[in-house]
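Below is one structure, written out as structure tokens; the observations come after it.
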Amino acid sequence: SWSASPNGGPLESLGYKQGHRIDVDIADQTWAEAPSFHDILIFNTGHWWWSSSKFDPIQSPMLFFEKGKPIIPPLLPPQGLDLTLKHMITFVNKAMRPNGLKFFSTQSPRHFEGGDWNEGGSCQRDQPLSSEEVKEFFSLDNNGTNIEVRLVNQHLMKALEQSTTFRVLNVTHMSEFRADAHPATTGGKKHDDCMHWCLPGPTDAWNDLLAASLAAIQ
């Protein structure tokens, strides 16, 4: 988190009082050393980049830092995502052990209907979607609740074009059909969980895809 300093600064001069600090060029300590001792790494990125409910542009904006200083003028989340991916890919390529395998998994889709999770959205279906329904759910032209899955993927694929050493695990489209595979209100949730998955379920197919990809490499 970031809070304004009483002594002022570049962000304070623009009226920012608080927000979420994102250092685009610093790998998080929870995984920074992983490339040096793992033979296989699988990365992904997710929904928060377009989450106005968590990163409100006024009350709790994403504030991007590079080389320890705030980026001025401040970046919007899509541009921040691009810069973060650029630095992350560069870091991993340099830190990865020789002959290590690097995968990037595409975005996992949500299936909210009637609004987002905090707007009364639900996922009560008990059958997979048809091809036409998938098109309606996730079309960028419709600007619907669930389109961030494809927006994130657009930015991800653009970033990966600059690094041919990453392999892509494309789990998105196969999972877009499975509107029936979320927990919904199971477990006493206050609102439908239309983002996580039941087990057994689609994530088992993701594992099969990974296994097939590894077998093809060998």
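For the single chain, residues carry numbers from 1 onward in sequence order. In this text the structure is predicted, and so the values were computed from the model without any measurement.
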Quiz item: Where the side chain of S3 meets the backbone of Q18, is there a donor-acceptor pair that is under 3.5 Å apart?
Solution: no
Exercise. Answer yes or no: is there a side-chain heavy-atom contact under 4.5 Å between K86 and Q162?
Key: no
Quiz item: OG1 of T145 to CZ of F137: how many Å apart, nearest 0.5 Å?
Solution: 9.0 Å
Quiz item: What do the steps show when you test S60 against H20 for side chain to side chain contact (heavy atoms under 4.5 Å, CB included), and what is the final call?
Solution: CA-CA 6 Å; S60 55; H20 295 270; 3.8 Å; yes
Quiz item: Is the closest side-chain heavy-atom distance between L169 and S213 below 4.5 Å?
Solution: yes
Quiz item: Are the aromatic ring centres of H111 and H182 under 6.0 angstrom apart?
Solution: yes
Quiz item: When the ring centroid of W50 is compared with that of H155, is the distance short of 6.0 Å?
Solution: yes
Quiz item: Taking the six-membered ring of F138, is NZ or CZ of R150 closer than 6.0 Å to its centre and within 45° of its axis?
Solution: no
Quiz item: Do Q59 and K17 have side chains that get closer than 4.5 Å, going by heavy atoms?
Solution: no
Practice problem: Evaluate the side-chain proximity of V168 to M157: yes if any heavy-atom separation is below 4.5 Å, no if none is. | Solution: yes
Exercise. Please determine if E133 and R125 form a salt bridge, counting it only when a charged side-chain N lies under 4.0 Å from a carboxylate O.
Key: yes
Quiz item: Does NZ belonging to K102 count more than 12 external heavy atoms closer than 6.0 Å?
Solution: yes
Quiz item: Do you know which two heavy atoms are closest between A159 and L85, and how far apart they sit?
Solution: CB-CB, 3.8 Å
Quiz item: Would you say the side chain of F177 lies within less than 4.5 Å of the side chain of S131, judging by non-hydrogen atoms?
Solution: yes
Practice problem: Find out whether R167 and L101 are in side-chain contact, i.e. whether some heavy atom of one side chain is under 4.5 Å from a heavy atom of the other. | Solution: yes
Practice problem: Tell me, yes or no, whether the heavy-atom count around W2 atom CH2, taken from other residues, nucleotides or ligands under 6.0 Å, exceeds 12. | Solution: yes
Quiz item: Which residue, V92, N93, I89, forms the side chain to side chain contact (heavy atoms under 4.5 Å, CB included) with T165?
Solution: N93
Quiz item: Take atom CD in Q154; do more than 12 heavy atoms of anything else shown fall under 6.0 Å from it?
Solution: yes
Exercise. With rounding to the nearest 0.5 Å, note down the distance linking CG in L81 to CE in M88.
Key: 11.5 Å
Quiz item: Is the CD atom of E136 crowded by more than 12 outside heavy atoms at less than 6.0 Å?
Solution: no
Quiz item: Can you tell me how far the CZ atom of F112 sits from the CH2 atom of W117, to the nearest 0.5 Å?
Solution: 8.5 Å
Exercise. Before giving the answer on side chain to side chain donor-acceptor pair (under 3.5 Å), spell out for W206 and S175 the whole-Å C-alpha distance, their side-chain angles and the decisive distance to 0.1 Å.
Key: CA-CA 9 Å; W206 302 356; S175 306; 2.9 Å; yes
Quiz item: Would the number of heavy atoms belonging to other residues, nucleotides or ligands and lying under 6.0 Å from CD1 of I58 be above 12?
Solution: no
Quiz item: Stepwise, does the side chain to side chain contact (heavy atoms under 4.5 Å, CB included) test hold for V134 with H173?
Solution: CA-CA 9 Å; V134 166; H173 190 53; 4.2 Å; yes
Quiz item: Would you call the rings of F104 and F166 parallel, tilted or perpendicular, where under 30° means parallel and over 60° means perpendicular?
Solution: tilted
Quiz item: Can we say K67 and D25 salt-bridge, meaning some charged N sits less than 4.0 Å from an Asp/Glu carboxylate O?
Solution: no
Quiz item: Going through the checks in order, is the side chain to side chain donor-acceptor pair (under 3.5 Å) test met by N44 and Q107?
Solution: CA-CA 7 Å; N44 68 357; Q107 174 77 333; over 6 Å; no
Quiz prompt | Basic-acidic side-chain contact under 4.0 Å: R110, D116 | solution = yes
Quiz item: Between N153 and T106, is a side chain to side chain donor-acceptor pair (under 3.5 Å) present by the stated rule, with each step listed?
Solution: CA-CA 6 Å; N153 282 347; T106 60; 4.5 Å; no
